[in-house]
Amino acid sequence: MPNTVLIGAQWGDEGKGKIIDVLTDEADIVVRMQGGNNAGHTVLVGKKKYVLHLIPSGILRPRKKCIIGNGVVMDPVHLVEELDGLAKLNINVKGRLFISENAHLVLPYHRALDELREVSKGKGKIGTTKRGIGPTYEDKVSRVGIRLGDLLDNDRFSSLLRKRIQSNNRILRENGAKSISYKKVLEDYLIAGERLRDFVANTFIMLHEAMTQKKRLLFEGAQGTFLDLDHGTYPYVTSSSTTSGGACTGAGIPPNRIDRVVGVMKAYTTRVGGGPFPTEDEEMGSMFHEMGREFGATTGRARRCGWLDMVMIRHACMVNGFDDISVTILDGLDNMETIKVCVAYRLNGKTIHHLPSSAIDLESCEPVYETFKGWQCSTEKCKSWSSLPLRARQYVKAISTMAGTKISSVSVGPDRNQTIRLM
Ligand code: IMP
């Protein structure tokens with residue numbers, strides 16, 4: 001497998017963790033390049049379920065190396081907890097995990113500001129994960145962020161932290177929120193920094209050396225295309241570049257070293273948090289929630305659910321340049337009598353086949369549906385393309401035709417073995 005970027009084609013939660021895990025088998029190094037512990041990548045191995053938030057899912061495969069790139073924002077205290085969780089499961093990360101010294105730190109005032117901003121937005125809130133992601137990227141862009149490399153130098157970190165806490169405490173107090181204790185944060189972060197010291201590296205050089213040695217790199221995108229800061233349903237987005245271009249800046253890889261871009265899409269659509277969702281269907285949501293499905297891996301929130309939106313998938317193909325697509329959770333549609341797919345929108349009396357630029361217009365879009373007959377039997381045990389019910393194959397083929405992209409795998413359950421490889 002050459003250098004591959006894997007990207008969510010919808011609003012996140014497409015089942016990327018599982019597909020990454022499957023593709024990791026053919027990679028040497030797995031790289032996270034954006035986002036932070038707002039992500040939750042679930043992998044089921046046998047009966048064991050792993051949810052990883054910051055550490056690339058590749059860590060679950062012995063001997064694979066994992067990199068947290070410069071574009072990621074990381075909470076060191078959370079990362080230490082994640083490492084402790086892996087240690088309890090006897091997963092050895094020594095010599096396999098490397099974190100960019102340029103990754104920006106999420107600090108407690110970022111989380112407090114995230115919370116404050118959400119409350120102040122009232123009904124119009126984004127519905128963030130409250131992990132402080134937006135405020136951390138804001139500091140990065142404003143050039144006042146603190147990076148992992150800074151944390152390893154006690155004096156530098158103490159002085160930077162003091163200034164940042166002073167100015168953020170002013171904002172927090174003015175808005176009636178509790179101020180943050182400098183002493184406590186300093187202590188907690190220096191302890192976490194010591195735990196992480198051996199993992200900190202110049203990951204840029206590591207990746208370029210790895211490419212010289214013809215190692216195979218797999219870039220693990222977090223969130224999804226429509227949560228992208230530029231290309232998503234702004235302002236209901238996350239604060240990083242979740243599309244394939246983000247892999248280049250988030251890891252320091254030139255675009256011409258990327259050989260393949262894989263999109264991951266659910267056979268239907270879900271979204272967590274606020275924002276437009278033309279194909280949302282509350283009945284479908286209730287059905288999944290009653291089955292115990294479609295709850296967020298990071299916050300546990302019930303996901304909003306709806307029919308597949310091919311207008312969005314076609315847009316995702318364009319912006320990311322997908323070479324092929326993995327369709328996940330096909331089994332989620334097993335019980336449906338009829339399955340709807342949005343093929344266009346009606347907006348202001350006109351039929352449109354593209355995504356409008358603004359979230360306000362998208363909010364007014366009425367989906368135009370094509371209807372498919374459901375297969376109404378379980379696909380969970382299907383191991384090959386030919387063992388899938390005919391109607392399920394027709395549905396997947398229709399997705400491929402409408403997207404103008406090959407389908408590389410179809411997933412019919414959470415286990416590694418429930419993946420039908422077509423390429
Ligand atoms: P933030 O990334 O916490 O700032 O949240 C911004 C938006 O992105 C909210 O709608 C979140 O629910 C959504 N979001 C962030 N991370 C994920 C994810 O990993 N999966 C799905 N939605 C996410």
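Order of listing sets the numbers, starting from 1, for every ligand and every atom in it.
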Are there any N/O pairs under 3.5 Å between ligand 1 and the protein, and if so, what are their distances?
from, atom 1, to, atom 2, distance (Å)
ligand 1, 2 (O), N38, ND2, 2.9
ligand 1, 2 (O), T238, OG1, 2.6
ligand 1, 3 (O), T129, N, 2.8
ligand 1, 3 (O), T129, OG1, 2.5
ligand 1, 10 (O), V272, O, 3.0
ligand 1, 12 (O), G127, O, 3.3
ligand 1, 12 (O), V272, O, 3.1
ligand 1, 12 (O), R301, NH2, 3.0
ligand 1, 16 (N), Q223, NE2, 3.3
ligand 1, 19 (O), N38, O, 3.4
ligand 1, 20 (N), D13, OD1, 3.1

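Checking T136 against H104 by side-chain atom types alone, no donor-acceptor pair falls below 3.5 Å. No hydrogens or angles considered: nothing links the side chains of Y236 and E363 as a donor-acceptor pair under 3.5 Å.
No donor-acceptor distance shorter than 3.5 angstrom exists from the side chain of N320 to the backbone of F322, with no hydrogens or angles considered.
Identified under the side chain to side chain donor-acceptor pair (under 3.5 Å) test for residues 242-255, with sequence neighbours left out: D228-T243. The ring-ring contact (aromatic ring centres under 6.0 Å, His included) contacts involving residues 63-83 comprise H53-H78, where partners must be two or more places apart or lie in separate chains.
By the side chain to side chain donor-acceptor pair (under 3.5 Å) test, T299 is found to be paired with R301, residues two or more places apart in sequence or in another chain being considered.
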